[in-house]
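Every chain is numbered from 1, with letters handed out A, B, ... down the list of sequences.
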There are 2 protein chains.
Amino acid sequence: MSSVSETCQPANVTIDHRKGPRRRGDALYAAIFEATLDELTEVGYAELKMERVANRARASKGSLYRRWSSRAELVADAVHHTLPGCGEAPDTGSVREDILGGLRGFAKLLNGPSGEAVRGLMAETIRDPDLMEVVRTRFVEPGVNVFLDVLRRGAVRGEVRPSALTTRIASVGPELLRQYFLAHRSPVPDQVLVEIVDEVIMPLIRI
Amino acid sequence: MSSVSETCQPANVTIDHRKGPRRRGDALYAAIFEATLDELTEVGYAELKMERVANRARASKGSLYRRWSSRAELVADAVHHTLPGCGEAPDTGSVREDILGGLRGFAKLLNGPSGEAVRGLMAETIRDPDLMEVVRTRFVEPGVNVFLDVLRRGAVRGEVRPSALTTRIASVGPELLRQYFLAHRSPVPDQVLVEIVDEVIMPLIRI
DNA sequence: GTGCCATCGGAACGCAACGTGCTCTAGCCT
DNA sequence: AGGCTAGAGCACGTTGCGTTCCGATGGCAC
């Protein structure tokens with residue numbers, strides 16, 4: 001390594017960023033979010049420590065605590081800003097396929113880092129009940145609207161009884177899935193989704 | 001205090017139980033369980049500390065860790081041994097009333113210390129996924145059988161379609177209730193139970 | 001009754017992560 | 001160019017965990 005030009009960074013010295021390139025604003029936010037998602041994926045919510053995230057993002061603990069007062073807020077923000085929204089409902093022309101497709105998309109999210117986030121945030125609601133509203137607003141309610149749209153289209157086609165077009169009925173699928181997710185190890189088997197659809201939702205919305 | 005008879009306990013001295021009355025076996029178990037339930041009720045799972053339980057039970061941390069390797073195991077055992085079982089299903093002759101009664105009993109449990117325990121144990125499953133099976137075995141499955149019995153009686157009376165006599169359908173009520181409980185502050189309003197029954201379960205099991 | 005010993009209560013310990021405060025410095029703005 | 005905001009790194013006090021040690025005790029065998 002002695003032949004390395006002095007314009008190159010030596011490989012085995014710890015860079016002290018008090019005298020190194022230093023990020024601010026959006027670049028720093030993005031780096032912290034990325035580090036948070038990576039930690040969430042690699043070690044899970046329980047082992048996600050503020051210091052680990054800071055080191056991974058090449059940031060300081062102070063920079064984290066200046067923006068988020070707790071691990072829960074950091075994770076909620078990171079997942080919210082990085083992940084795609086709940087997306088659009090599929091539109092296959094069949095209520096059963098649409099609902100199954102919606103649940104599969106939801107399950108795919110739960111089986112990734114945002115599932116870890118939901119698990120972790122639900123756990124933190126013990127210490128901070130205010131988090132319940134955050135979880136509902138960001139992770140629960142958006143999903144319900146997708147299913148409500150599916151039911152509306154099904155009602156137009158005559159597949160769904162009109163009195164089934166309620167928030168509560170649209171929530172049944174996601175809620176049963178979420179409950180299964182919280183009570184079992186990941187990933188959620190596809191067979192569970194099929195059973196929820198065929199055994200519960202289809203009989204529930206039939207004319 | 002010099003006039004106090006030596007057969008009386010002085011009121012304001014700290015008793016060192018290295019030389020005081022000392023319990024063993026069942027008496028000690030009972031005292032620890034009682035202290036755990038009291039802490040669960042008064043400060044909740046999040047603030048339940050092993051040292052607080054030990055002091056409250058007039059026991060030592062060592063005695064606790066000799067029996068349970070973690071707070072979660074202690075709480076699970078304490079609730080399981082102290083609380084009544086899920087009880088019997090009501091039998092009013094009406095499926096709707098039976099289910100509503102069953103859900104009300106379940107909600108009453110959730111609104112007490114065993115609800116705190118469920119919340120806390122669900123939270124701990126992040127660190128110890130094995131706890132999921134404990135929660136399911138002790139707090140979830142027993143409830144389902146109650147509702148399955150209700151459905152069977154309803155089917156005999158012709159109130160329930162026979163194809164609805166499945167574990168999954170019997171679980172819908174408890175699962176929706178549990179999901180609501182986890183996502184909102186206690187206590188669960190009775191109106192929620194009524195809506196679950198009238199908007200979801202009754203349409204689902206109709207002939 | 002007497003002695004034994006598993007178990008108790010109490011206290012101290014090392015450990016890990018939290019959240020904060022301090023110093024020095026880089027980057028932006030005027 | 002100079003000043004000010006904000007970031008990096010480090011050290012600290014705090015809390016709760018789970019363990020270990022010590023002296024004491026109460027039930028049991030004899």
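OP1 or OP2 of C/dC8 has not a single side-chain nitrogen or oxygen of B/Ser60 nearer than 4.0 Å. The shortest distance between the side-chain N/O atoms of A/Ser63 and the OP1/OP2 oxygens of D/dA6 is not below 4.0 Å. Regarding contacts with the backbone of C/dC29, every side-chain N or O of A/Arg24 stays at 4.0 angstrom or more from both OP1 and OP2. Contact annotation: B/Arg66 does not reach the phosphate of C/dT7 (side-chain N/O to OP1 or OP2, under 4.0 Å).
In this structure, a donor-acceptor pair under 3.5 Å is absent between the side chains of A/Ser94 and A/Arg96.
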Nucleotides 15-20 of chain D: protein proximity per nucleotide (B base, S sugar-phosphate only, - neither; heavy atom, under 4.0 Å) | -SSBB-

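Side-chain atoms of B/Arg67 come within 3.5 Å of backbone N or O of B/Ser63 as a donor-acceptor pair. Looking only at distances, no side-chain donor or acceptor of A/Arg152 sits under 3.5 Å from a matching main-chain atom of A/Phe147. A distance-only check finds a donor-acceptor pair linking the side chain of B/His184 to the backbone of B/Tyr180 [under 3.5 Å].
Distance, A/Arg58 CZ to C/dA26 P: 13 Å, rounded to whole Å. In this structure, B/Arg127 atom CZ and C/dA16 atom P are separated by 14 Å, rounded to whole Å. Atom CG in A/Asp26 sits about 17 Å away from atom P in C/dG27, given to the nearest Å. Atom OH in B/Tyr29 sits about 9 Å away from atom P in C/dC8, given to the nearest Å. For the pair A/Arg52 CZ and C/dC18 P, the interatomic distance rounds to 11 Å; values are reported in whole Å. Counting to the nearest Å, the C1' atom of D/dT5 and the CZ atom of A/Arg67 are 12 Å from each other. Atom CZ of B/Arg23 and atom P of D/dA24 are 20 Å apart (whole Å). Atom pair A/Asp128:CG and C/dG19:P shows a separation of 12 Å (rounding to whole Å applied).
Closest approach to the B/Ala59 side chain among C/dG27, C/dG9, D/dA8 is made by C/dG9 (side chain taken as heavy atoms from C-beta onward).
Contact annotation: side chain of B/Arg22 to base of D/dA24, donor-acceptor pair present below 3.5 Å.
Across all strands shown, B/Ala54 has no heavy atoms under 4.0 Å from either base or sugar-phosphate atoms.
Annotation: cation-pi geometry satisfied between A/Arg119 and A/Phe181 (NZ/CZ under 6.0 angstrom from ring centroid, within 45° of ring axis).
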